[in-house]
Protein chains: 2
Amino acid sequence: MKGPETESLPLRNIKLKISYDGSRFLGWQRQSEQAAGKGRTVQEEIEKALEKMHGHPVPLIGSGRTDSGVHAAGQAANFHTDIARIPPERFVPALNSLLPLDVRIMDSCEAPPSFHARFDARARTYRFFLYCGSRPCAHEMPYVWALGRWPDVRLLNRMASCLRGEIDCSAFTASGDQSKTRTRYLYGARFFPEGEKLVFEISANAFLWKMVRSILGTLIDLERRGAQAGEFSAILESRDRSRAGPTAPGTGLFLWDVRY
Amino acid sequence: MKGPETESLPLRNIKLKISYDGSRFLGWQRQSEQAAGKGRTVQEEIEKALEKMHGHPVPLIGSGRTDSGVHAAGQAANFHTDIARIPPERFVPALNSLLPLDVRIMDSCEAPPSFHARFDARARTYRFFLYCGSRPCAHEMPYVWALGRWPDVRLLNRMASCLRGEIDCSAFTASGDQSKTRTRYLYGARFFPEGEKLVFEISANAFLWKMVRSILGTLIDLERRGAQAGEFSAILESRDRSRAGPTAPGTGLFLWDVRY
């Protein structure tokens with residue numbers, strides 16, 4: 001039970017920027033009761049740290065879930081706190097000292113009382129790292145898809161150029177997706193080289209389940225088979241999931257940034 | 001049992017360059033019988049892959065052991081093979097396809113019959129990565145020591161400048177070290193910045209147990225306390241282990257290169 005003193009204080013709304021290594025997580029989202037033994041989730045780890053700090057449960061709202069094995073450089077989340085004495089930026093060291101090393105709080109700041117990390121997000125950006133050199137070292141492996149060759153980057157970019165505007169993305173979702181509508185606003189997608197890696201970057205207001213990996217898997221599959229650029233847009237327009245290619249592995253995928 | 005045909009073939013001596021992520025290993029060296037349940041070792045993983053390829057056990061000779069949690073970018077090792085049909089460089093993809101992702105063979109070549117990865121090594125180089133920015137992301141954490149501040153690099157380099165030549169390193173070993181002599185030939189040590197990281201690089205003909213971490217822990221400890229450059233060389237010359245500082249954590253340490 002809270003005392004009358006703390007009850008009279010307005011709750012502050014704290015926004016976090018979070019990086020995590022998805023390798024040993026089932027994903028972002030807290031699992032229902034029975035899944036406790038199956039593995040860890042990022043949301044649970046941070047909520048455990050928040051509960052230690054506050055002495056009572058504090059729900060954490062993420063901008064969206066990420067799947068098992070998927071990483072984040074800039075996941076966003078918010079929570080309401082009744083701790084008045086800590087300046088907002090001090091939640092960074094306070095939480096990091098309680099968190100396992102594969103979850104790191106990168107930033108914290110105070111947000112308006114109504115701010116909601118999921119509903120207010122305007123754009124999510126993902127990056128997918130393809131290792132194109134012949135020999136990734138052991139330290140790269142959890143963070144790349146090792147392609148083992150350089151694909152035709154101009155062809156990939158020509159194909160990806162249709163990923164812009166309001167688009168029905170039904171061709172690129174997984175069968176378990178429960179979204180009401182499959183239309184998303186895409187801000188664009190591009191490939192660019194970075195050392196031995198090729199980066200695929202894609203931004204949208206929101207994504208369907210496994211959409212990034214499904215788009216990328218299809219692009220790489222078409223490129224490998226020497227397809228025409230128009231074949232990708234034809235699959236997109238067909239809205240037919242059975243025409244899409246294989247889903248790329250989760251290891252190379254990072255939730256890179258969330259804009260509000 | 002080998003048939004007469006394979007017995008008459010000369011064994012080829014294959015040299016490997018190996019990268020590994022030490023995070024989930026007890027270290028390089030195969031453990032004795034009872035330690036099977038305690039965890040994995042890198043030597044064992046590669047010997048298992050070699051046995052699968054050869055159909056019989058193949059001992060692997062490493063340049064030296066690395067401790068639990070310590071990484072490698074360029075560990076060297078050799079083995080003798082009776083497989084005649086594989087060109088030496090093809091052991092890279094053959095072994096990588098059998099190995100877990102946290103061990104990667106970077107190179108393989110044929111060495112002279114008498115080549116021995118341990119006895120013939122002339123210089124080992126280690127690098128230790130200190131993260132000096134305020135906020136390492138989750139993906140950096142297994143590969144750095146997060147110092148959280150920039151130390152005085154000029155002072156560190158002044159102190160480290162005495163690490164050159166034939167030196168009795170008794171002050172910087174762990175109590176379990178079983179070396180007959182504690183004199184090593186040091187080729188030098190230096191600190192240099194690399195983005196948000198400070199790299200400590202040290203080369204010697206060989207190292208005592210925990211020597212790199214002990215030297216680095218002492219240097220950082222002296223720097224933090226604003227010591228004079230001479231205090232480090234006084235500890236080195238004392239040969240007195242009780243005067244050295246704390247041992248740096250294993251996470252930031254990489255066996256970087258072995259020269260023959």
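On a predicted model such as this, the values are computed, not experimentally measured, just so you know. Labels below follow one simple rule: chain letters A, B, ... track the order of the sequence lines, proteins then strands, and each chain is numbered from 1.
Between the side chains of B:Glu201 and B:Thr125, no donor-acceptor pair of N or O atoms lies under 3.5 Å.
Here the rule is ring pair (Phe, Tyr, Trp, His ring centres under 6.0 Å) with B:His71, and of B:Trp28, B:Tyr143, B:Tyr126 only B:Tyr143 fits it.
B:Thr41 is not listed as a side-chain neighbour of B:Gln29, based on a closest heavy-atom distance of 4.5 Å or more. Contact check for A:Leu16 versus A:Leu60: side-chain heavy atoms found under the 4.5 Å cut-off.
Using a 4.5 Å cut-off between heavy atoms, A:Ala146 makes no contact with chain B at all. Proximity to chain A is absent for every atom of B:Pro100, based on heavy atoms less than 4.5 angstrom apart. For a residue to count as touching a neighbouring chain, one of its non-hydrogen atoms must lie under 4.5 Å from one of that chain's; by this rule A:Asp107 touches chain B with backbone and side chain alike.
Between A:Phe129 and A:Phe254, the ring center distance clears the sub-6.0 Å criterion.
For chain B, the option among A:Leu99, A:Ile105, A:Val92, A:Asn96 with the highest count of heavy-atom pairs below 4.5 Å is A:Val92. Each of B:Arg135, B:His139, B:Met141, B:Arg104 has some count of heavy-atom pairs under 4.5 Å with chain A, and the biggest count is that of B:His139. With chain A as partner, the option from B:Ser23, B:Pro142, B:Pro136 having the largest number of non-hydrogen pairs under 4.5 angstrom is B:Pro136.
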